[in-house]
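Let me begin by presenting the structure, written as structure tokens, before commenting on it.
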Amino acid sequence: MKGLYFQQSSTNGEITFVFQEKENLPITEDNFVKLQVKACALSQINTKLLAEMKMEKDFFPVGREVAGIVLDVGTKVSFFQPDDEVVGILPLDSEDPGLCEVIRVHEHYLVHKPEKVTWTEAAGAIRDGVRAYTALHYLSHLSPGKSVLIMDGASAFGTIAIQLAHHRGAKVISTAYSLEDKQCLERLRSSIARVIDVSNGKVDVAESCLEETGGLGVDIVLDAGVRLYSKDDEPAIKSQLLPHKHDIIMLLGVGGHWITREESLQLDPPDSHCLFLKGATVAFLNDEIWNLSNVQQGKYLCILKDVMEKLSAGVFRPQLDEPIPLYEAKVSMEVVQKNQGRKKQVVQF
């Protein structure tokens with residue numbers, strides 16, 4: 001039985017993906033279940049986080065968002081039984097790759113898959129759903145009537161975030177990075193108050209948001225990265241599409257929340273003073289926090305269940321690419337790791 005793993009070069013940090021023969025699974029015991037994987041979504045691997053958590057190995061398992069059928073359960077498993085259809089996200093320290101036909105998973109990382117939801121939808125939406133909930137509920141306390149700016153709304157994550165914000169009664173503004181993205185967002189027109197096309201680099205995002213909110217600024221900003229320096233000091237692509245950190249601070253309203261995915265964000269004293277005057281907050285979106293904290297396990301399972309319920313009810317409509325077979329996963333992961341894909345790629349077994 002083969003599974004997909006990655007290896008990182010010690011000299012240049014380059015990643016290579018390889019299929020490895022996997023040993024037969026040990027007897028299922030305690031709180032573990034044996035799972036026949038039916039679908040596994042592909043996501044970028046944060047090698048920097050793995051290094052910081054001292055989780056580096058010679059061969060690291062690939063694929064964490066899985067959906068499948070329970071084959072066997074350990075003696076202490078209380079939530080599942082054989083033939084149950086489940087979905088979940090494997091922990092960072094999982095010994096098994098999701099890109100394998102049969103794996104072992106602790107029951108606390110799984111929830112039941114609704115009957116109406118397909119395997120590919122379940123695997124393809126679960127992680128972005130958790131990320132959207134983390135950003136909009138736990139970090140910014142979204143409520144009806146709030147205005148939300150979601151950067152790069154046509155991405156797989158951005159689409160889910162827009163749908164969740166709209167469902168909660170928020171006024172949604174989003175940015176488009178290309179004509180194709182703009183057309184994609186306009187198909188969600190009922191969910192979005194305004195689409196800001198930044199593809200030509202000439203539109204001022206802060207000015208557009210202030211205009212849309214009558215000069216009050218937006219209540220919540222969910223970025224897709226920001227520029228920290230002047231355009232001359234940033235890579236050409238980044239300088240064209242991403243707003244400067246000063247633009248984000250400018251367009252925030254009083255008491256606003258800035259949720260950032262820029263893990264190396266640097267704020268100068270004048271930036272901090274401006275945020276202070278607005279009573280605004282900055283929070284970092286790291287959806288792995290649920291995997292790193294056992295204290296939050298119950299809350300995490302509630303999020304997983306709610307994501308599946310919203311998927312079943314049609315609130316979430318994920319942006320999925322055509323499913324691919326396992327033998328194409330190596331090439332597809334190389335594309336995903338370079339952040340070159342727009343829709344979510346799912347491997348179907």
Side-chain angles (χ1 to χ4, degrees), residues 41 118 120-121 124-125 127-129 131-133 135-136 140 142 144-227 237-243 247-248 251-253 258-259 261 285 307 310-311 313-323 335-336 339-346:
T118 67
T120 54
E121 286 174 339
R127 186 166 185 175
D128 287 327
R131 192 175 287 158
Y133 264 83
L136 296 175
S140 58
L142 178 71
K146 296 283 187 182
S147 55
V148 184
L149 169 63
I150 297 174
M151 309 295 291
D152 192 17
S155 65
F157 166 61
T159 303
I160 294 291
I162 286 171
Q163 291 164 354
L164 179 59
H166 174 68
H167 178 71
R168 293 298 188 192
K171 177 181 181 179
V172 182
I173 305 168
S174 185
T175 58
Y177 288 174
S178 67
L179 178 59
E180 186 179 2
D181 285 357
K182 184 180 180 183
Q183 291 169 344
C184 173
L185 290 172
E186 284 174 345
R187 288 195 290 272
L188 297 171
R189 175 55 73 182
S190 60
S191 306
I192 304 176
R194 180 166 179 173
V195 176
I196 304 171
D197 185 357
V198 298
S199 59
N200 59 13
K202 297 178 181 178
V203 176
D204 188 315
V205 175
E207 188 178 299
S208 299
C209 288
L210 291 171
E211 179 185 305
E212 187 63 36
T213 57
L216 297 176
V218 297
D219 299 305
I220 299 167
V221 177
L222 178 50
D223 74 31
V226 295
R227 285 190 290 113
I237 295 297
K238 187 170 185 179
S239 67
Q240 178 181 338
L241 300 180
L242 297 182
D247 295 330
I248 300 291
L251 63 83
L252 267 178
W258 175 9
I259 314 302
R261 288 186 272 173
L285 178 55
V307 170
K310 298 234 173 341
L311 195 56
V315 174
F316 289 157
R317 299 184 301 282
Q319 291 271 74
L320 303 180
D321 217 331
E322 287 296 317
V335 173
V336 170
N339 202 24
Q340 292 175 342
R342 295 297 286 161
K343 295 181 178 180
K344 197 74 170 182
Q345 187 70 73
V346 181

State the [atom1]-[atom2] distance between [X] and [Y], to the nearest 0.5 angstrom.
X	Y	atom1	atom2	answer
Arg342	Asp181	CZ	CG	4.0 Å
Leu252	Leu210	CG	CG	10.0 Å
Leu285	Phe157	CG	CZ	5.5 Å
Phe316	His167	CZ	NE2	8.0 Å
Arg187	Arg317	CZ	CZ	11.5 Å

Any donor-acceptor pair under 3.5 Å from [X] side chain to [Y] backbone:
X	Y	answer
Asp152	Asp223	no
Asp204	Glu207	yes
Ser174	Met151	no
Lys171	Glu212	yes

Q.
For Lys182, I'd like to know if atom NZ has over 12 heavy atoms of other residues, nucleotides or ligands within 6.0 Å.
A.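 It does not: Lys182 NZ has 12 such atoms or fewer within range.
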Heavy-atom distance under 4.5 Å between the side chains of [X] and [Y], does that happen here?
X	Y	value
Lys146	Ser140	no
Val218	Trp258	no
Arg194	Glu211	yes
Arg168	Leu136	no
Thr175	Val203	no

Q | For Asp197, all residues meeting side chain to side chain donor-acceptor pair (under 3.5 Å), sequence neighbours excluded | A | Ser199
Q: Report the residues that fulfil side chain to side chain donor-acceptor pair (under 3.5 Å) with Gln345, sequence neighbours left out, ordered by chain and then residue number.
A: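 Gln345 satisfies side chain to side chain donor-acceptor pair (under 3.5 Å) with no residue once adjacent residues are dropped.
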Atom of [X], atom of [Y] and distance for their closest heavy-atom approach:
X	Y	value
Pro243	Ile248	CG-CD1, 3.8 Å
Leu251	Ala206	CD2-CA, 3.8 Å
Leu185	Ala154	CD2-N, 3.7 Å
Leu222	Ala135	CD1-CB, 4.0 Å
Ala170	Val148	CB-CG2, 3.8 Å
Val346	Gly124	CG2-CA, 3.9 Å

**Q.** side chain to side chain donor-acceptor pair (under 3.5 Å) pairs, two or more places apart, involving residues 154-164
**A.**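 Output for this query is empty, none listed.
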Q: Verify side chain to side chain contact (heavy atoms under 4.5 Å, CB included) between Leu142 and Tyr133, making sure each step is shown before the conclusion.
A: CA-CA 10 Å; Leu142 178 71; Tyr133 264 83; over 6 Å; no
